[in-house]
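As structure tokens, the structure follows; a few thoughts come after it.
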There are 2 protein chains.
Amino acid sequence: MFVRITTDRTPRPNSLSDLGMTSGSNSIVSLSEFTYKKGTEIFGEKEPAEYVYQVKCGAVRSYKLLSDGRRQIGAFHLAGDIFGLENCGAHRFTAEAVVETTVRLIRRQRLEQVAETDAIVSRNLLSMTTSNLQHAENHMLLLGRKTSLEKVAAFLLEMDGRLSAAGVMALPMSRLDIADYLGLRLETVSRALSRLHEARILDFIGHNQREIVLLDRRRLARFDLPS
Amino acid sequence: MFVRITTDRTPRPNSLSDLGMTSGSNSIVSLSEFTYKKGTEIFGEKEPAEYVYQVKCGAVRSYKLLSDGRRQIGAFHLAGDIFGLENCGAHRFTAEAVVETTVRLIRRQRLEQVAETDAIVSRNLLSMTTSNLQHAENHMLLLGRKTSLEKVAAFLLEMDGRLSAAGVMALPMSRLDIADYLGLRLETVSRALSRLHEARILDFIGHNQREIVLLDRRRLARFDLPS
DNA sequence: CGGGGGCTTGAGGCCACTCAACGATAGTGG
DNA sequence: CCACTATCGTTGAGTGGCCTCAAGCCCCCG
């Protein structure tokens with residue numbers, strides 16, 4: 001549980017692309033790619049923030065730990081998402097690849113330089129930070145005030161919006177990850193999913209139970225109360 | 001409980017001062033002041049964000065509601081704090097005065113104009129948003145993974161750092177506010193405070209129980225686990 | 001075929017919630 | 001000055017939702 005496999009986490013330059021940070025014709029920002037194996041750490045909490053990342057494919061969890069091992073996952077980052085964006089010099093989360101994950105990356109310092117002169121890039125930085133803040137605010141409401149069933153329903157609807165393809169969502173993360181995202185135990189998550197399955201609100205396909213079809217979004221949304 | 005007293009919430013221009021938004025000699029930004037009575041709404045969730053606010057004196061709670069009335073307070077804003085800073089056009093929280101509160105305010109549009117041309121102001125905006133994000137991230141860990149005693153201990157330490165004067169902190173907010181901030185019931189908060197009082201970790205002074213002396217920060221900090 | 005990881009399910013326990021009573025204080029009006 | 005009321009905080013008793021611990025299943029992989 002507490003063993004940390006230390007691998008070479010030094011990114012190697014690979015290609016150039018768009019981090020959503022270019023402003024019009026200004027694509028000065030050079031990018032490289034790197035692939036992390038399932039379960040490996042991308043960066044650790046309090047490490048100096050050298051890079052900013054964008055998920056090309058795969059999934060990333062970022063979390064905080066208490067000293068006794070309790071874990072709170074603050075966010076999952078899926079294809080297209082940017083993470084590791086810090087204002088101060090150090091990361092405030094640990095980030096790990098949930099599955100094999102390829103990321104694009106850019107030196108933080110370089111990005112700051114560009115932001116200094118380019119108002120569009122600067123505004124994009126603010127806009128992304130605000131998005132993160134908005135997600136965190138909604139998640140506080142979930143963590144503090146929703147029941148286990150409401151939490152799981154909210155999670156499914158969030159993931160449905162972010163990774164559903166052809167009516168089926170293939171969750172990359174385990175029940176334990178979901179539990180640590182929702183402030184629950186994995187058994188509680190499992191029980192909630194079973195209840196939603198019994199109620200014919202969702203269906204499982206595939207061999208493990210990570211591929212889910214939402215049969216009745218309307219009824220699911222009723223569990224996740226509106227504000 | 002659900003009655004909302006509608007008062008005149010239109011701010012009247014009053015004075016000029018510093019919102020922490022001036023960059024060097026650039027103090028173009030004009031400010032006015034407004035005072036809200038205890039319990040009155042400053043702005044509502046989803047209202048267009050016309051102003052940005054700074055607490056001059058008093059205290060503000062910002063919160064989200066579920067449709068059945070469950071409330072999650074995302075933050076308390078005390079003297080000096082800036083709140084109501086939104087990127088999109090609408091507020092994401094409701095803000096209310098916890099006690100009689102005077103705020104400085106600035107038109108959001110005006111601030112955005114200045115930020116457009118002034119890189120320092122722009123950077124300050126990002127920096128403040130990041131602070132809010134950081135607070136929210138830590139609060140998610142608290143809400144999702146801490147016990148009631150740990151939550152209350154963390155709350156006391158936070159408030160100690162923010163409003164302790166001469167060794168005693170005068171909490172402006174009620175037990176219900178604290179509970180809704182920590183994802184607990186007010187009875188649970190009260191019990192936790194009683195336990196900490198029994199353990200001679202804190203003491204109450206004054207007639208109501210809102211003035212608190214921390215006798216042993218070291219032992220209190222042990223309840224709020226390090227990360 | 002044995003072992004391990006991930007998921008489900010059951011049984012029992014505990015922590016926080018619910019409901020209720022009570023005390024203290026402040027404000028109000030007779 | 002004293003009811004009377006409203007608000008806020010504390011405390012107790014009992015409940016319940018989620019947690020804990022455990023067993024068992026399935027699938028994959030050696």
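Heavy atoms only: backbone and side chains are in, while hydrogens, waters and symmetry mates are out.
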Under 4.0 angstrom, heavy atoms only, what part of the nucleic acid is B:Gly39 near: base, sugar-phosphate, or nothing?
-> nothing
Mind checking B:Gly183 for me? I need base, sugar-phosphate or nothing, with any heavy atom below 4.0 Å counting as a touch.
-> sugar-phosphate
Please list, by residue number, the residues of residues 210-217 of chain A whose heavy atoms come closer than 4.0 Å to an atom of DNA chain D; answer none if no residue qualifies.
-> none
Between A:Lys146 and A:Asn208, the residue closer to the 5' end of DNA chain D by nearest nucleotide is A:Lys146
What is the distance from CZ of A:Arg175 to P of D:dC19, rounded to the nearest Å?
-> 16 Å
Hey, is the main chain of A:Ala79 close enough, under 3.5 Å, to the side chain of A:Arg162 for a donor-acceptor pair?
-> no
Please determine, for the side chain of B:Leu184, which listed nucleotide (C:dC7, D:dC19, C:dC17) has the closest atom?
-> C:dC17
Would you say B:Arg145's side chain and A:Arg71's backbone share a donor-acceptor pair under 3.5 angstrom?
-> yes
When you measure from every atom of DNA chain D, which of residues 186-202 of chain A have a heavy atom less than 4.0 Å away?
-> A:Glu187, A:Thr188, A:Arg191
If you check the A:Gln209 side chain, which of C:dC7, C:dT18, D:dG9 turns out closest?
-> C:dC7
With no hydrogens and no angle check, is any side-chain donor or acceptor of B:Ser148 less than 3.5 Å from a backbone partner on B:Thr188?
-> no
Just how far, in rounded Å, is C1' of C:dT8 from CD1 of A:Ile178?
-> 14 Å
Which pairs of donor and acceptor atoms, one on a side chain in residues 130-141 of chain A, lie under 3.5 Å apart (sequence neighbours left out)?
from     : atom 1 : to       : atom 2 : distance (Å)
A:Thr130 : OG1    : A:Leu126 : O      : 2.8
A:Thr130 : OG1    : B:Asn87  : ND2    : 3.4
A:Ser131 : OG     : A:Ser127 : O      : 3.1
A:His135 : NE2    : A:Glu158 : OE2    : 3.2
A:His135 : NE2    : A:Tyr181 : OH     : 3.0
A:Glu137 : OE1    : B:Arg92  : NE     : 2.7
A:Glu137 : OE1    : B:Arg92  : NH2    : 3.4
A:Glu137 : OE2    : B:Arg92  : NH2    : 3.3
A:Asn138 : OD1    : B:Lys64  : NZ     : 3.3
A:Asn138 : ND2    : A:Gln134 : O      : 3.3
A:His139 : NE2    : A:Tyr181 : O      : 2.8

Let me know the distance between CD1 of A:Ile205 and P of C:dC7, rounded to the nearest Å.
-> 16 Å
Below 4.0 angstrom from OP1 or OP2 of C:dA16, is there any side-chain N or O of B:Ser148?
-> yes
Given atom CZ of B:Arg70 and atom P of D:dG17, what is their separation to the nearest angstrom?
-> 13 Å
Gap between atoms CG and P, on A:Leu143 and D:dC18 respectively (whole Å) = 14 Å
Here the distance between atom C1' of C:dC7 and atom CG of A:Leu171, to the nearest Å, is 13 Å
B:Leu149 has an atom CG; how far is it from atom P of C:dC14, in whole Å?
-> 18 Å
Please work out which of the three classes, parallel, tilted or perpendicular, describes the rings of A:His91 and A:Phe43, given edges at 30° and 60°.
-> parallel
Would you check if there is a donor-acceptor pair between the side chains of A:Glu96 and A:Tyr36 at a distance under 3.5 Å?
-> no
How long is the line joining CZ of B:Arg185 and P of C:dC15, in whole Å?
-> 19 Å
B:Thr40 side-chain N/O to B:Lys38 backbone N/O, donor-acceptor pair under 3.5 Å | no
Output yes when a side-chain donor or acceptor of B:Arg108 lies under 3.5 Å from a complementary backbone atom of B:Ala49, and no otherwise.
-> yes
Compute whether any side-chain donor of one residue and acceptor of the other, for A:Arg107 and A:Tyr51, lie under 3.5 angstrom apart.
-> yes
